Amino acid sequence: MATSQLTASLRNLPAFGRFQPSTHRFPSVGHVIIAPPTRTSFPSFAVKATTVVAPKHTSVKPLGDRVLVKIKDAEEKTDGGILLPATAQSKPQGGEVVAVGDGKSVGNSKVDIAVKTGAQIVYSKYAGTEVEFNGSKHLILKDDDIIGILETDEVKDLKPLNDRVLIKVAEADEKTSGGLLLTEATKEKPSIGTVIAVGPGPLDEEGYRKSLSITPGNTVLYSKYAGNDFKGKDGFNYIALRASDVMAILS
């Protein structure tokens with residue numbers, strides 16, 4: 001068949017309707033029509049990312065030395081009644097224990113969780129992992145991340161756990177040695193205070209409690225940037241920290 005006749009035949013076929021003719025010489029066969037597909041020869045398709053929706057859980061069972069806490073709602077108003085926007089509301093550090101693990105083994109001893117279901121606790125600010133179920137925010141954290149038990153709204157009533165110590169912070173100097181009045185921003189953060197309460201002590205290698213050498217009433221010097229700060233309703237500042245962050249007893 002002649003080249004012109006082959007070309008005409010191919011153009012009349014529906015399957016080749018979208019092909020554009022081009023020539024390429026092959027030494028053995030003469031002129032052959034090569035019909036490369038155009039970009040529109042294949043239908044286009046789009047791939048969209050999908051969001052995996054986790055199944056809704058109705059219960060969470062903490063394991064080992066972990067505790068499940070229902071997080072207390074953030075304060076929406078200041079003490080003076082001013083409504084706070086969401087960005088200005090302080091992150092809560094307290095909640096109710098709703099489930100506890102079976103404890104842990106230390107040496108040859110089995111150590112139970114220090115808190116029970118229903119206890120109102122205070123925990124370290126950046127501890128744990130948040131989970132949400134039953135429409136409420138919860139936190140799973142280790143027993144050692146719990147600062148203490150607080151059954152009232154008064155920080156001074158905190159009962160420290162493990163090796164934690166509650167200290168009433170000494171008031172910052174209002175003036176410099178030269179008599180200049182200091183603003184809140186320029187006042188040096190104090191690192192001296194009076195011990196209000198102490199925990200039962202840390203666990204030793206055999207799982208027994210080791211009493212702290214610090215006692216309520218001691219005036220102590222502590223590490224400047226340690227612990228968790230709290231503002232009491234009595235207007236005083238408090239700090240809860242580990243006994244290892246207390247550097248000296250002053251007298």
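These numbers come from a predicted model, not from an experiment.
Within the 4.5 Å cutoff, the side chain of Thr219 has no heavy atoms near those of the Ser251 side chain.
Both Ile149 and Ile71 are members of a single hydrophobic cluster when ILVMFWY side chains are connected at heavy-atom separations under 4.5 Å. Put simply, Leu166 and Val220 are part of two different groups of oily side chains (I, L, V, M, F, W, Y) that touch within less than 4.5 Å, one to the next. Note: the hydrophobic cluster containing Val115 does not contain Val122 (ILVMFWY, side chain heavy atoms under 4.5 Å, direct or indirect links). Taken together through direct or relayed side-chain contacts under 4.5 Å among Ile, Leu, Val, Met, Phe, Trp and Tyr, Val169 and Phe236 form parts of separate hydrophobic clusters. Both Leu241 and Ile249 are members of a single hydrophobic cluster when ILVMFWY side chains are connected at heavy-atom separations under 4.5 Å.
The shortest heavy-atom contact between Ile113 and Val67 is CG2-CG2, 3.7 Å. Taking all atoms of both residues into account, the shortest heavy-atom contact from Ala114 to Leu161 is CB-CD1, 4.3 Å. Heavy atoms only, all atoms of each residue included: Ala243 and Leu212 are closest at CB-CD2, 3.7 Å. Closest approach of Asn228 and Gln93 over heavy atoms only: OD1-NE2, 3.3 Å. Minimum interatomic distance between Val195 and Ile214 (heavy atoms only, all atoms of both residues): CG2-CG2, 3.6 Å. Nearest heavy atoms, Ala240 versus Leu158: CB-CD2, 4.4 Å.
Rounding to the nearest 0.5 Å gives a distance of 10.5 Å between CD of Glu96 and OG of Ser136. To the nearest 0.5 Å, the span separating OG on Ser124 from CD1 on Ile146 amounts to 9.5 Å. Separating the CG atom in Leu139 from the CZ atom in Arg66 is a distance of 11.5 Å, to the nearest 0.5 Å. Atom OH of Tyr238 is separated from atom CG of Asp229 by 13.5 Å, given to the nearest 0.5 angstrom. We find the CD1-CD1 distance between Ile196 and Ile167 to be 9.0 Å, quoted to the nearest 0.5 Å. Atom CG of residue Leu68 and atom OG1 of residue Thr129 lie 11.5 Å apart, to the nearest 0.5 angstrom.
Around NZ of Lys116, the count of heavy atoms belonging to other residues, nucleotides or ligands within 6.0 Å does not exceed 12.
A donor-acceptor pair is defined here as one N or O able to donate and one able to accept, closer than 3.5 Å; such a pair exists between the side chain of Lys110 and the backbone of Asp102. Side chain of Lys61 to backbone of Val100: a donor-acceptor contact under 3.5 angstrom is found.
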Checklist entry - When you look at His138 and Val98, which way does the side-chain contact (heavy atoms from CB on, under 4.5 Å) test go after all the steps? => result CA-CA 9 Å; His138 294 70; Val98 294; 4.0 Å; yes
Item to check | Derivation and outcome, side-chain contact (heavy atoms from CB on, under 4.5 Å), residues Val69 and Tyr123 | outcome: CA-CA 10 Å; Val69 180; Tyr123 48 82; 4.3 Å; yes
Checklist entry - For Tyr222 and Ile239, what are the C-alpha separation, side-chain angles and deciding distance, and is it a side-chain contact (heavy atoms from CB on, under 4.5 Å)? => result CA-CA 10 Å; Tyr222 55 88; Ile239 187 170; 4.0 Å; yes
Next on the checklist: One pair to check against side-chain contact (heavy atoms from CB on, under 4.5 Å): Leu150 and Ile121. What are the steps and the verdict?
Outcome noted: CA-CA 5 Å; Leu150 184 61; Ile121 64 167; over 6 Å; no
Distance-only criterion, 3.5 Å: show the donor-acceptor pairs between side-chain atoms of residues 198-210 and protein atoms not counting sequence neighbours.
from: Asp204; atom 1: OD1; to: Glu206; atom 2: N; distance (Å): 2.9
from: Asp204; atom 1: OD1; to: Gly207; atom 2: N; distance (Å): 2.9
from: Asp204; atom 1: OD1; to: Tyr208; atom 2: N; distance (Å): 2.8
from: Arg209; atom 1: NH1; to: Asn162; atom 2: OD1; distance (Å): 3.0
from: Arg209; atom 1: NH1; to: Gly201; atom 2: O; distance (Å): 2.8
from: Arg209; atom 1: NH2; to: Asn162; atom 2: OD1; distance (Å): 3.2

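The salt bridge (charged side-chain N to carboxylate O under 4.0 Å, His left out) analysis of residues 234-244, with sequence neighbours excluded, yields the pairs Asp144-Arg242, Asp163-Arg242. Applying the salt bridge (charged side-chain N to carboxylate O under 4.0 Å, His left out) rule to pairs touching residues 147-158 yields Asp153-Lys233, sequence neighbours excluded.
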